[in-house]
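So the structure is just underneath, and the comments pick up after that.
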Amino acid sequence: MLALILRRAGSSLLTLVLVSMLVFVGLEAMPGDACTAHLGRDGKGAVLEACRERMGLNRPAAERFIEWGGRLLQGDLGTSMQRDKPIAEIVGWRLRNTIVLSAVAVLVGIPLAIFLGVIAGLRRDGSLDHLISSLSIIAMTIPEFISATILILIFAVSLGWTSGVVTIGYKAPVMELVSASILPAATLTLILAAHIMRMVRSSVIDVLDSDYVLMARLKGVPRRQIVWRHVVPNSLLPAISVIGLTIAWLLGGVVIVESVFNYPGLGRLAVDAVGDRDLPLVQAIALLFGLTYVVTNLLSDLVALFLNPRLRTFRA
Amino acid sequence: MTAARVFTLALLLGTIAFAGTPAMAEKLFKRANDLSYGGKESLDPISPNRFYEVNDMIYSRLIRQDDNGEPAPELAVSWSANATATEWTFKLQDGVKFHDGSDFDAADVKYTIERIKDPALESPVASVLDFIDHVEVVDPLTAKFVLSKPHSGLPLLLMDYRVRMIRDGSGAEVKKTGIGTGPFKLESYDPEGQTVLVANENYWEGRPKLDKVIFTAIPDSEARNQAMLGGQLNYNTLTLDQIPLYKDNSGFIVQNYPAGGWFGLVFRTDTAPYTDPKIRKAMRIAVDRTEMMKLMVGDGNGMTGCDQPVKANDPFRAKLDCPPDIEGAKKLLAEAGYPDGIDIEVHTADLEPGMVQFAEVYQQQVAKAGIRAKITLAPSDGYWDDVWMKAPVAMTSWSARPADQILNEAYRSGSSWNESYYANKSYDEELDKARASIDLNEARKHYQEAQRILFEEGGTFIPYQQNGLRVLTADVTGLKPLDEDYIRWHLVDMADQ
C-alpha cells in the first residue's frame with residue numbers, strides 16, 4: 001500500500017515538473033519577451049535593455065529555467081512585473097478567496113448532486129428522473145458565462161435580491177466573501193452538480209441491478225434499508241473519481257466565473273495578469289493550477305484506493 | 001381593533017414614513033476603476049501609473065478647458081507673457097485651500113512644476129514641459145515661469161490632465177494621501193478594492209452637489225456592464241459594441257463625446273518608394289474617409305479628418321477638406337513612375353479592437369486607385385518593438401494629445417516619437433513660429449499651416465478621430481457629454497428618486 005502511494009506521488013511530481021517546463025517553454029516560444037510585453041510602446045532602446053538586464057532576460061533560456069526552478073523549490077515564486085510585489089503575497093490572498101468560493105460551491109453542490117442522483121437513479125425512467133436528468137443536461141451544456149449572466153439578470157437586475165457583481169476587495173474577511181459568493185457559487189454549482197449527479201445516477205442504477213441487492217430484496221430487507229445500507233455507499237465509490245476531476249475542473253471554471261462576477265480570486269488574477277502581460281505572474285498561476293489539478297487527482301485516487309480494496313491488486 | 005393594535009400600527013407606519021424621508025438621503029455616486037495598472041495605481045498626478053479616474057476629482061489644474069477646448073481659468077485667474085514669450089506670469093486664485101487646510105500659493109506651483117522634471121519619477125509629462133527652465137515665486141499669489149526657449153502655447157500645455165497642483169514638499173507622500181485642492185477629498189484608497197472620496201466642504205467653487213464617490217475595481221469590461229445594469233454603478237465608459245445594452249432603456253443615458261483617439265497608417269518617409277511625397281499623398285487621398293469611418297465606428301461616433309493628428313474640438317485643428325480622389329491618386333502614382341499601380345505591404349497586429357479591420361478597409365478602399373495592398377498580420381506581442389517604426393508601412397494607435405504636443409513629438413525632425421521619420425524644415429519652422437507668437441490667433445495660423453503641410457506631403461494617414469462613449473444612470477445631472485478631463489465634478493448631481 002505504502003509503495004503504491006509513494007509511486008503515485010512520484011509520478012505526480014514528475015507531471016508537475018513537466019507542467020512547469022511546458023509553461024516555461026510556452027512563454028518562451030511567444031514572440032517578444034516579458035519586457036516588450038510589459039513596456040509596450042515604451043519598450044525600445046535603452047529602456048528595453050535596462051528592463052532585460054533587470055529581469056535577467058539576456059541569459060540563455062535553459063539557465064533561467066534552472067534558476068527559476070531552484071527558487072521555486074525554496075518557495076520563491078519571484079516578483080510580479082506589473083505589481084512590483086512578491087508573487088507569493090499577491091497569489092496568497094486570491095488563493096484563499098478562490099478556495100472560499102470553491103468550498104461554498106462544493107459544500108452545496110456535492111450533497112445536492114448525490115441527493116438528486118440517488119433520487120433519479122431510484123426513480124429510473126419515472127417523470128422525476130426525466131425532469132432531473134434533462135435539467136442536468138441543460139446545466140452541463142450552458143457555458144458558465146451565459147448561466148452567470150442569466151443568474152445576474154434574474155436575481156440582481158430583475159428581482160434585486162442580491163448584488164450582481166462583487167465589489168469587495170481581495171483582503172475582505174472570509175464571512176463577507178461567503179455572502180458575496182452566492183451567485184458565483186451558484187453558477188459553479190450548476191455545472192458541478194450536474195456532472196456528479198449524472199455519475200451518481202448511473203452507478204445507483206448499476207448497483208440496483210447487482211446480485212447483492214437482488215439477494216437483499218429476496219431476503220425481504222426493507223427498501224429504505226436496501227437503499228441506505230447497500231445502494232448509496234456502493235454507488236458513491238465510482239463517483240469519487242468524478243468528484244476529484246470536477247473539483248480540479250472547478251479551477252478552470254473559476255477563471256470565467258470570477259471575471260464575470262468580478263470576484264477577487266485566482267481566476268480573475270489570471271485574466272488580469274495575462275491582460276497586463278505580467279509573465280512571471282502568469283507562469284506562477286499556471287503552475288499553481290497545474291499543482292491543484294495533480295493534487296486533487298492524486299487525493300481522489302488515494303481515497304478510492306482506501307475505500308475499495310479491489311483496486312489495490314494492481315500492485316504487481 | 002384594540003387600542004394596542006392601533007398604537008402598534010401607527011408606530012409602524014411612522015417608522016416607515018421616517019425611513020423614507022428623501023431629504024436625508026446621502027448623494028452617493030458609484031464608479032468603477034479598470035485596474036489597468038494592476039493595483040499600482042498612484043495618486044501622484046504625474047506618475048506613469050496615475051489613478052486617472054480618481055485624480056481628476058481630487059486635484060485641480062492652473063488652467064482648464066472650457067467646453068470648447070479653449071483655455072479657461074482654474075487655480076490661475078489670469079496669465080500673460082513677455083514680448084518674446086520666454087516668461088509667463090500667472091496670477092493665482094485667492095483663498096484656495098488644500099484638503100489638509102493649508103493655503104494654496106505660488107510656492108506650491110513652483111514645487112509642482114519643477115518636480116515634474118525629476119528624472120527619478122520617470123514622468124511622461126517631463127518631455128511635454130521640458131522647455132520650462134524654472135518657476136519664480138513673485139509673491140504668494142503670483143508665479144513666474146521662466147522658459148529656456150520661447151513658447152506661446154504654455155497655457156494650452158498646462159491644461160494637460162496630469163499637470164495638477166500638489167502641496168509644496170508633498171512629493172514623497174502624495175501618491176498615498178491624495179491631498180489636492182479638488183472638489184473631492186480622499187477618504188480611503190485601495191485601487192484593488194474600493195476607493196472612497198467625500199465632498200470637499202471648502203472647495204473654492206462651492207461645495208460639490210454629491211456627498212460621496214465610491215470607486216470599485218472591476219477590471220473586466222463585461223463585469224462593469226453587469227454592475228451598471230444591476231444598479232451598482234452610476235457611470236461607466238463603453239465600447240461601440242456595448243451601446244445596444246442601454247440604447248432603449250429609459251434608466252440610462254448614453255453619451256457620445258469628442259475624444260480624439262485615432263488609428264493611423266504610417267508610411268516611412270525615409271524608405272523607398274515612400275521617400276517620394278507624391279506616392280505618400282496618393283496612398284492617402286484615394287480613400288473615402290467618410291465611408292471608412294462609417295464602416296469602422298459607425299456614423300456619428302467619430303469625426304473624419306484629413307490626416308490631422310489633432311482632435312476634433314482642439315482650438316488649433318486645421319479645417320481641411322479631402323474628398324476621395326481616385327483619379328488624382330492614379331495620376332500621382334503615374335507621375336512617380338508607377339503607371340500600372342503599385343504593390344505595398346501593410347503591417348498590422350491584433351493589439352486593439354479594430355486595428356486589423358482598419359487595414360482591411362484601407363486595402364479595399366485603395367484598390368480602386370491601383371494600389372495593391374498586402375496585409376501582414378504581425379504578432380501583438382513585441383509589435384511596438386519589432387514592427388512599428390521598423391516596417392516601411394505599419395499601423396499605429398494614439399490617444400488624444402493637444403496640438404502642440406503631438407505635432408512636435410511625432411512629426412518634428414528627429415523627435416523621439418517620429419514614427420514616419422518625417423523631416424521637413426519648413427514644417428519645423430511653422431512650429432517654431434507658432435511657439436514664438438504671443439497672439440493666439442497668430443499661433444493658430446502656424447499650427448494650422450503645419451497640419452496642412454502634413455496633409456500635402458506627410459507620411460501618416462489618419463482618416464478619422466474616434467469619439468468616446470459613456471453611460472450614466474438616468475438620475476445623473478450636470479455631467480456634459482465632454483471628454484473626462486472637461487467634466488466639472490462639483491456640478492454633477494443626482495436627481496431625487
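Within every chain, numbering begins at 1; the chains are lettered A, B, ... in the order of the sequence lines, protein sequences first and strands thereafter.
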Over all atoms of both residues, closest heavy-atom pair of A/Val165 and B/Ala227: CG2-N, 3.5 Å
Flag if over 12 foreign heavy atoms under 6.0 Å of NZ, A/Lys85: yes
Part of B/Glu41 lying under 4.5 Å from any heavy atom of chain A: neither
Heavy-atom neighbours of B/Lys175 NZ exceed 12 at 6.0 Å: no
Main-chain N/O of A/Gly169 paired to B/Glu192 side chain as donor or acceptor, under 3.5 Å: no
Approximate separation, where rounding is to 0.5 Å, of B/Asp190 CG and A/Tyr170 OH: 6.5 Å
Residues, nucleotides or ligands: over 12 heavy atoms within 6.0 Å of B/Glu122 CD: no
Rounded distance [0.5 Å steps], CG in A/Leu151 versus CD in B/Gln226: 10.5 Å
Exceeds 12 heavy-atom contacts within 6.0 angstrom, atom CG of B/Asp248: no
Between A/Val157, A/Thr149, A/Asn262, the one whose heavy-atom pairs under 4.5 Å with chain B are most numerous: A/Asn262
Portion of A/Lys171 that has a non-hydrogen atom of chain B nearer than 4.5 angstrom: neither
Residue pair A/Ser259 / B/Ala223: nearest heavy atoms and the distance that separates them: O-CB, 3.3 Å
Side-chain touch A/Arg268/B/Leu35, heavy atoms, less than 4.5 angstrom: yes
Which atoms of A/Ser158 approach chain B - backbone, side chain, both or neither, heavy atom under 4.5 Å: neither
B/Leu229 CG to A/Leu153 CG distance, which is reported to the nearest 0.5 Å: 7.0 Å
Whether over 12 other heavy atoms sit under 6.0 Å from B/Glu352 CD: yes
Contact leader toward chain B among A/Asp272, A/Thr167, A/Val271, A/Ile90, where contacts are heavy-atom pairs under 4.5 Å: A/Thr167
Winner by heavy-atom pair count (cut-off under 4.5 Å) against chain A, out of B/Pro219, B/Ala378, B/Pro379: B/Pro219
Side-chain touch B/Gln194/A/Ile168, heavy atoms, less than 4.5 angstrom: no
Chain A contacts, top residue of B/Asp220, B/Asn49, B/Ile214, B/Ile218 (heavy-atom pairs, under 4.5 Å): B/Ile218
Heavy-atom side-chain proximity of B/Glu222 to A/Val260 below 4.5 angstrom: no
